[in-house]
Protein chains: 2
Amino acid sequence: MEHRSKCPIASTLDLVGDRWTLLVLRNIFRGSRRYGEHLESPEGIATNILADRLALLEREGLIEKVAYQTRPLRHEYRLTRKGADLLPVLQTLATWSMKHVPDRWAPSERFMHSRPEDFLAQD
Amino acid sequence: MEHRSKCPIASTLDLVGDRWTLLVLRNIFRGSRRYGEHLESPEGIATNILADRLALLEREGLIEKVAYQTRPLRHEYRLTRKGADLLPVLQTLATWSMKHVPDRWAPSERFMHSRPEDFLAQD
DNA sequence: AATAGTTACTTGCACTTTGCAAGTTAGTGG
DNA sequence: CCACTAACTTGCAAAGTGCAAGTAACTATT
């Protein structure tokens, strides 16, 4: 990973500051775990972009691939602590939008009031 | 402005979710007001991108152009309430980076503890 | 009056990233 | 052997970005 500067804000954006990465994370917070579930999100992410971003997030340690079945072997993507810790960023983005952009969906209470730890439980 | 969906998170990112817009806002929070001051930021933004983003932020009402002198007429860019309200987003991005990215600059106490209102004072 | 300096952009072009459609791979089930 | 499903990969056009050079509107200097 290459950073434009040592500014902490710029460095975070170097990682997740593009058109899709934070939305992929949002999907996971909202329950998407499998590749196909991500494709159902309302914004309509392209398959190549999704594959690229999942690989990036895994390489950077924000999500991890966990097998959910063998025969055929299939994986799902889960948040690591590093990824889950971006929850406050998504919450503040949502809060801003609710105040300044008219006619948006209301985020769930559960989403707005949860903490990163809440998304780390195993099952 | 076109939105990919009515998701509040996606909608905020439609506005500021590219490689530079949030860094231009960070500059303003850190005191850059004039075009030339923005060009001094450590990431080295290109002049065309900067002009484009300042125009976008003004068009969307996050910043406004205020004359700081006549003869020759010159303007500076200041945060509106809408723009200043993105401060918590920048603060959470910085907080995440300090926890998860090694060897970053420490943001100033002033920046991390300020509130949007603090950047709206006239002078 | 002509020249140089300052500030704030604009333009042109190469390069990179994104978006869309179609194709591929690895497996199961019939 | 064939259809089916999930998870990608590939090709290519379009949009966005990065770099260098150029322009515009003044002011200050000689």
Write down the distance between [atom1] ([X]) and [atom2] ([N]), rounded to a whole number of angstrom.
| X | N | atom1 | atom2 | result |
| --- | --- | --- | --- | --- |
| A:I45 | C:dT18 | CD1 | P | 10 Å |
| A:I49 | C:dT18 | CD1 | C1' | 5 Å |
| A:Y68 | D:dA6 | OH | P | 8 Å |
| B:R74 | D:dA25 | CZ | C1' | 7 Å |
| B:W20 | D:dT17 | CH2 | P | 10 Å |
| A:E40 | D:dT5 | CD | P | 14 Å |
| B:Q69 | D:dA28 | CD | C1' | 14 Å |
| B:R4 | C:dC20 | CZ | P | 11 Å |

For C:dA8 and B:Y77 - does any side-chain N or O of the residue sit under 4.0 Å from the phosphate oxygens OP1/OP2?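 The answer is no; no side-chain N or O of B:Y77 sits under 4.0 Å from OP1 or OP2.
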Does A:R53 have a side-chain nitrogen or oxygen under 4.0 Å from the phosphate oxygens OP1 or OP2 of C:dT18?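 For A:R53, the contact criterion (side-chain N or O under 4.0 Å from OP1 or OP2 of C:dT18) is met.
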So which heavy atom on [X] is nearest to which on [Y], and how close?
| X | Y | answer |
| --- | --- | --- |
| A:L79 | A:I28 | CG-CG2, 3.6 Å |
| A:R26 | B:C7 | NH1-SG, 3.1 Å |
| B:L50 | B:Y35 | CD2-O, 3.6 Å |

Among B:E43, B:R33, B:H38, B:E37, find the one that has a side-chain hydrogen bond (donor to acceptor under 3.5 Å, both in side chains) with B:N27.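 For B:N27, the side-chain hydrogen bond (donor to acceptor under 3.5 Å, both in side chains) test succeeds with only one of B:E43, B:R33, B:H38, B:E37, which is B:H38.
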Among [options], find the nucleotide with the atom closest to the side chain of [X].
| X | options | answer |
| --- | --- | --- |
| B:P72 | D:dA7, C:dC20, D:dT27 | D:dT27 |
| B:R19 | C:dA8, D:dT17, D:dA7 | D:dT17 |
| B:N48 | D:dT9, C:dT7, D:dC19 | D:dC19 |
| A:T47 | C:dA22, C:dA8, D:dT17 | C:dA22 |

Would you say A:R30 has more than 12 foreign heavy atoms packed within less than 6.0 Å of its CZ?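 Not more than 12 within 6.0 Å, no.
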A:L73 vs B:K65, nearer the 5' end of DNA chain C by closest nucleotide: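 The residue whose closest nucleotide sits nearer the 5' end is B:K65.
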